[in-house]
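One structure is given below, encoded as structure tokens.
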Amino acid sequence: MKELPKTYDFKASERKWKEAWEANKTYAFDRKSNKPVYSIDTPPPTVSGKMHIGHSFSYAHEDFIARFHRMRGKNVFYPFGTDDNGLATDRLVEKTKKVKAKSMKREDYLSLAHRTVQEILPGFIEDWKTLGMSCDFTNPYSTISEAVQKASQKGFLELHKKGLVYRKETPVSWCPHCQTAIAQAEFENVDMTSHFNDIIFKSGAEDLIVATTRPELLPACVGLFYHPADERYQHLKGSFAKVPLFGHEVPIIADETVAMDKGTGLMMCCTFGDKEDIEKWHKYDLPLRVVITKDGRMNETTGTYAGTTLKEARNAIKEDLEREGLLISSKPITHPVNVHERCGTDIEFLNTYQWFVNVLDHKQALIKAADDIDWHPPHMKTRYVHWVENLNWDWCISRQRHFGIPFPVWYTNDGDVILPREEQLPIDPLTDRPAGHQGELIPEHDVIDTWATSSLTPQLALGWADNNPLFKKAFPMDVRPQAHDIIRTWAFYTITRGVYHEKKAPWKHIMISGFVLDPKGNKMSKSRGNVINPQDVMDKYGADALRYWAAGSKLGDDQPYMEKDVQTGAKTVNKLWNASRFALMQLADYDGTKPKALLATDKWMLSKLQRIIKESTATYESYEYAKAKSLVDNFFWNTFCDHYLEIIKDRIYNPSTRGEDAKRSAQHALHRSLQTILKLFAPIMPYVTEEIYSYAYAKDEKDSIHTSDWPAYEEKLMDEAAEQSGDALTEVVNHVRRKKSEANVSLKTPVTTLALPRALQKALRPVEEDLKAVTNAQTITYEGDELAIELGEQEKK
RNA sequence: GGGCCCAUGGUCUAGUGGCUAUGACGUCUCCCUUACACGGAGAAGGCCGCCGGUUCGAGUCCGGCUGGGCCCACCA
């Protein structure tokens with residue numbers, strides 16, 4: 001057995017194994033194998049920057065589980081992909097190349113975008129490899145690739161065939177900055193300061209005071225509303241009011257949804273300020289007055305305000321109102337505003353043609369599907385259910401952008417939808433034509449929302465669009481790992497596609513990670529300046545240490561990032577190295593020969609080992625890697641290092657007095673327990689365990705701990721009597737150590753007499769020799785009920 | 001306003017109703033014992049948020065309160 005170098009060089013080791021695993025295809029999925037498949041619906045990270053600390057946290061969690069199942073003998077299907085067709089990537093291209101997609105020729109922008117993605121991808125993926133992800137990186141998918149375009153378009157065609165998508169002109173949430181429609185799930189609530197303005201509308205000779213935060217929408221006003229029970233406004237029933245500055249007449253209508261105590265109890269309905277406006281517009285069949293352009297400016301119908309931004313218009317209109325004496329007051333307020341999560345721009349509502357996936361009519365089925373999935377932790381299911389229950393809009397999947405997967409759709413002049421044949425996919429209607437169709441066609445310009453593609457990750461990874469037999473075999477997949485922020489998007493959309501295409505939930509389990517917070521428990525963000533880069537952490541402490549930290553909190557819990565916890569990880573790596581180095585030194589002459597008899601202490605060790613195997617297997621099995629980690633951790637530091645290694649030193653150092661077989665017994669148990677500990681730690685700390693394994697246990701260069709068998713629990717090694725002996729032994733050792741510590745003497749100080757209670761005699765007899773050695777006791781006696789020791793002189797140097 | 005989660009020594013945390021409440025970091029004392037000082041042996045430090053209830057027994061179950069976090073709604 002080779003000796004380990006004195007120190008562990010994590011940088012060299014991690015670099016070496018990262019390359020070796022790739023070269024040896026250690027984690028490649030075996031398509032020919034008969035082993036049961038364990039399939040993971042890996043999140044494809046959004047290509048919009050570098051891996052952040054939250055990524056390293058949740059990706060580590062799923063990798064623990066992947067590695068565990070691989071060692072348990074499963075054929076682990078663990079693909080890797082990147083999500084690079086969405087608005088986030090689009091914006092990254094605009095930012096890094098300093099261009100504006102909308103002001104470029106479509107072809108030019110697309111080729112620039114594709115080129116940029118290709119430039120970024122290799123470096124982007126590298127971070128995940130460095131973290132020690134055991135994905136199959138041989139053929140990563142990209143959501144903008146042709147194969148994925150084909151699958152996504154096929155998915156669209158199938159939904160169309162089933163009548164689950166539709167196109168409609170309707171008010172839809174719109175981002176004026178990105179100039180595209182967005183979905184409800186892409187909203188973010190932000191508290192903003194604004195003003196609550198009391199404005200005078202004239203109704204005949206009467207002044208009506210209307211409170212609004214959005215005076216710039218006055219030209220879009222199409223009605224005034226009051227509550228039917230509001231005493232103040234009963235006389236207005238059926239009358240009209242004149243909109244200040246703009247002069248058009250609008251009806252005054254009573255509606256129960258109006259809150260009497262808000263503002264003046266009189267509210268204006270504009271097309272469109274918010275969801276309420278849209279509902280009233282529909283309900284009372286009010287006219288449409290469009291005043292906002294797609295890039296968030298006032299349009300030509302607003303006269304002198306045309307061309308100004310909404311903010312400029314707001315101020316200008318307020319000034320004009322004031323000059324006319326129509327602005328009574330303007331009070332500052334703070335109120336929540338929906339903004340686009342990607343760019344922080346206020347969301348507007350524009351009446352446009354969009355494609356929608358019908359989800360509102362299928363809420364029950366989508367909620368029921370959640371019952372077929374095991375949620376880890378279970379309460380995350382509640383979040384999903386509440387989101388689905390409270391949905392207000394169908395899923396808008398069309399985006400008015402250049403970059404993305406095109407809708408495979410044309411329209412006739414009569415507005416009929418023309419679709420291609422499946423064999424034609426992938427297709428771009430702007431440059432292609434549907435097979436066998438004559439006549440004039442209008443191509444769809446829009447692209448498909450990136451979530452409408454990433455919601456198909458199980459299908460994409462398993463080759464659904466190419467009729468790969470793996471799809472039938474492995475769908476539903478075993479597990480979806482993800483963080484809790486995208487339950488309402490990715491989890492929800494993927495479940496929707498599973499139900500719509502295959503009539504079932506897309507996975508058996510879902511494991512949901514929490515968030516990484518700063519040391520004070522605050523969210524990390526660039527604006528707060530409290531962001532930690534995982535690249536820096538790995539550079540300083542190694543990927544194993546970072547992973548060890550990530551294993552410190554249970555699934556679903558948010559975890560504050562504290563450097564000291566990573567340091568604890570680095571210490572554990574170091575300890576594991578040194579303990580292994582020591583063990584391998586003691587095993588230098590071990591040839592595998594079995595001892596004639598195992599000593600009680602060694603039986604104790606092996607019996608304790610079985611317990612740890614059993615418990616950690618069960619906890620990993622139930623996705624509780626944090627519990628598994630702490631079990632193994634405590635066992636390793638305490639039972640193995642502090643006690644067992646100390647106890648067997650004497651037998652290994654002094655075979656002449658203790659006997660060759662006593663040494664062999666220790667070596668046997670040591671060899672076995674070290675191997676087990678390495679394996680139990682392997683999912684958490686893949687690099688250092690692989691490095692040690694390669695010295696001590698690997699059969700050849702390609703033999704990896706990560707494809708070795710998970711330790712089997714062996715009932716026959718459970719030994720009640722040996723455990724009692726060993727436990728009594730460690731108890732006495734602790735007592736002696738305490739006494740020596742209290743006496744401020746070195747632990748090697750001899751004990752002239754170790755007087756033990758008679759009750760312990762039976763348990764201690766079998767381990768007496770080890771006890772003597774480890775406590776450095778000269779005489780052991782059994783008398784009375786008390787444990788007493790007499791210390792000798794400390795040896796001089 | 002609705003919902004979900006959380007509340008344990010200075011900090012972070014384990015804890016499936018039952019013997020002296022886990023561990024880590026920090027603090028203090030001692031020990032450089034031929035794997036490791038990134039180590040070892042110890043010590044101090046807790047009305048387990050508050051109030052009730054169930055129970056022979058509650059950190060653990062139930063109800064209420066208080067304080068945090070998150071999600072959703074509220075945008076007139």
Side-chain angles (χ1 to χ4, degrees), chain A residues 4 6-8 187 189-192 194 196-197 210-214 217 224-226 257-259 262-270 273-277 280 333-338 346-347 377 379-387 389-392 484-485 487-488 514-515 517 519-523 541 545 552-554 556-560 562-565 567-586 626-627 630-631 633-634 637-638 641-642 645-646 649 653 733-734 736-749 776 794-795:
Chain A
L4 290 184
K6 190 150 173 61
T7 53
Y8 175 59
F187 293 10
N189 258 298
V190 180
D191 274 331
M192 298 240 204
S194 181
F196 210 25
N197 306 291
V210 175
T212 180
T213 54
R214 301 203 60 187
L217 290 182
L224 290 187
F225 284 84
Y226 66 93
T257 60
V258 179
K262 243 186 188 174
T264 58
L266 205 53
M267 68 174 283
M268 66 174 187
C269 170
C270 307
D274 61 20
K275 199 180 76 211
E276 289 289 305
D277 288 347
K280 291 189 177 63
I333 55 157
T334 303
H335 68 157
V337 176
N338 276 324
D346 289 23
I347 288 165
H379 70 258
M380 291 296 178
K381 178 179 166 186
T382 314
R383 277 206 201 181
Y384 168 86
V385 171
H386 286 175
W387 174 255
E389 280 172 347
N390 293 318
L391 278 171
N392 294 311
H484 59 56
D485 57 327
I487 291 175
R488 66 181 190 173
F515 260 40
L517 308 171
K520 288 173 191 153
N522 298 313
K523 260 189 182 169
Y541 298 107
S553 77
K554 60 183 170 207
D557 275 9
D558 292 345
Q559 192 176 10
M562 288 195 247
E563 192 167 10
K564 66 177 181 64
D565 293 332
Q567 285 169 347
T568 305
K571 275 194 206 175
T572 304
V573 168
N574 185 254
K575 183 81 172 177
L576 194 56
W577 182 262
N578 282 309
S580 301
R581 195 163 77 88
F582 171 73
L584 296 200
M585 280 159 59
Q586 311 317 319
K627 208 180 272 182
S630 82
L631 277 169
D633 215 25
N634 289 337
W637 282 85
N638 191 262
C641 290
D642 295 342
L645 291 186
E646 291 305 320
K649 274 178 180 173
Y653 291 160
V733 168
N734 282 339
V736 173
R737 284 173 173 174
R738 192 178 307 122
K739 290 291 177 200
K740 288 181 178 178
S741 186
E742 281 166 5
N744 285 351
V745 297
S746 157
L747 288 182
K748 64 180 178 184
T749 306
N776 200 9
Q794 195 162 346
E795 284 169 47

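It should be emphasised that the depicted structure is a prediction, and the values quoted were computed from it without experimental measurement. A note on names: the letters A, B, ... follow the listed sequences, proteins ahead of strands, and every chain is numbered from 1. Every heavy atom of this structure was used, including side-chain atoms; hydrogens, water molecules and symmetry mates were not.
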Grab the [atom1]-[atom2] distance between [X] and [N] for me, whole Å please.
| X | N | atom1 | atom2 | result |
| --- | --- | --- | --- | --- |
| A/Asp633 | B/rC25 | CG | P | 10 Å |
| A/Asn574 | B/rC36 | CG | C1' | 6 Å |
| A/Lys381 | B/rC70 | NZ | C1' | 20 Å |
| A/Leu631 | B/rU16 | CG | P | 13 Å |
| A/Glu563 | B/rC25 | CD | P | 15 Å |
| A/Asp558 | B/rG68 | CG | C1' | 13 Å |
| A/Leu747 | B/rC31 | CG | C1' | 7 Å |
| A/Leu391 | B/rG3 | CG | P | 19 Å |

Could you walk me through whether A/Lys649 and A/Phe582 pass side-chain contact (heavy atoms from CB on, under 4.5 Å), step by step?
CA-CA 10 Å; A/Lys649 274 178 180 173; A/Phe582 171 73; 3.6 Å; yes

With RNA chain B as reference, determine whether A/Gln559 or A/Asn634 sits nearer its 5' end, using the nearest nucleotide of each.
A/Gln559

Starting at the 5' end of RNA chain B and moving along, which residue's nearest nucleotide shows up first, A/His379 or A/Gly521?
A/His379

Sorted by chain and number, sequence neighbours left out, side chain to side chain contact (heavy atoms under 4.5 Å, CB included) with A/Asp633 holds for A/Tyr548, A/Thr572, A/Lys629, A/Trp637, A/Phe681

Across all chains, not counting sequence neighbours, the side chain to side chain contact (heavy atoms under 4.5 Å, CB included) partners of A/Asn197 are A/His195, A/Ile199, A/Pro215, A/Lys318, A/Leu327, A/Ser330

[atom1] atom, [N] versus [M]: distance in rounded Å?
| N | M | atom1 | value |
| --- | --- | --- | --- |
| B/rU16 | B/rU22 | P | 15 Å |
| B/rC6 | B/rA14 | C1' | 15 Å |
| B/rC71 | B/rU11 | C1' | 28 Å |
| B/rA37 | B/rC32 | C1' | 7 Å |
| B/rU66 | B/rG23 | C1' | 29 Å |
| B/rG3 | B/rG15 | P | 27 Å |
| B/rG26 | B/rA44 | C1' | 13 Å |
| B/rA24 | B/rC61 | C1' | 30 Å |

If we call it a pair only when both distances are under 3.5 Å in a Watson-Crick or G-U wobble match, what pairs with [N]?
| N | answer |
| --- | --- |
| B/rC30 | B/rG40 |
| B/rA24 | B/rU11 |
| B/rG59 | none |
| B/rC4 | B/rG69 |

Does [N] have its OP1 or OP2 closer than 4.0 Å to a side-chain nitrogen or oxygen of [X]?
| X | N | answer |
| --- | --- | --- |
| A/Lys571 | B/rC25 | yes |
| A/Lys649 | B/rU33 | no |
| A/Lys6 | B/rC38 | no |
| A/Asn189 | B/rA73 | yes |
| A/Asn744 | B/rA41 | no |
| A/Tyr653 | B/rA35 | yes |
| A/Lys554 | B/rU13 | no |
| A/Lys523 | B/rC70 | no |

Could you check whether [X] gets within reach of a base, just the sugar-phosphate, or nothing at all, counting any heavy atom under 4.0 Å?
| X | answer |
| --- | --- |
| A/Phe225 | nothing |
| A/Ala259 | base |
| A/Thr568 | sugar-phosphate |
| A/Cys269 | nothing |
| A/Lys740 | nothing |
| A/Val258 | base |
| A/Asn734 | sugar-phosphate |
| A/Glu742 | nothing |
| A/Trp577 | nothing |

Quick check for you: among [options], whose closest atom lies nearest to any side-chain atom of [X]?
| X | options | result |
| --- | --- | --- |
| A/Ser746 | B/rC36, B/rC31, B/rA41 | B/rC31 |
| A/Asp557 | B/rG42, B/rC12, B/rA14 | B/rA14 |
| A/Glu646 | B/rC25, B/rC36, B/rC4 | B/rC36 |

May I have the step-by-step check of side-chain contact (heavy atoms from CB on, under 4.5 Å) for A/Asp346 and A/Met192, ending in yes or no?
CA-CA 10 Å; A/Asp346 289 23; A/Met192 298 240 204; 3.4 Å; yes

Roughly how far, to the nearest 0.5 Å, is the [atom2] atom of [Y] from the [atom1] atom of [X]?
| X | Y | atom1 | atom2 | value |
| --- | --- | --- | --- | --- |
| A/Lys627 | A/Lys554 | NZ | NZ | 8.0 Å |
| A/Lys740 | A/Lys748 | NZ | NZ | 11.0 Å |
| A/Ile487 | A/Met380 | CD1 | CE | 5.5 Å |

Testing the basics here: between A/Met268 and A/Asp277, what is the closest heavy-atom pair and its distance to 0.1 Å?
O-OD1, 3.9 Å

Compare all side-chain heavy atoms of A/Gln586 with those of A/Leu645 and state whether any distance is below 4.5 angstrom.
no

Any N or O donor-acceptor pair under 3.5 Å from the base of B/rC36 to the side chain of A/Lys575?
yes

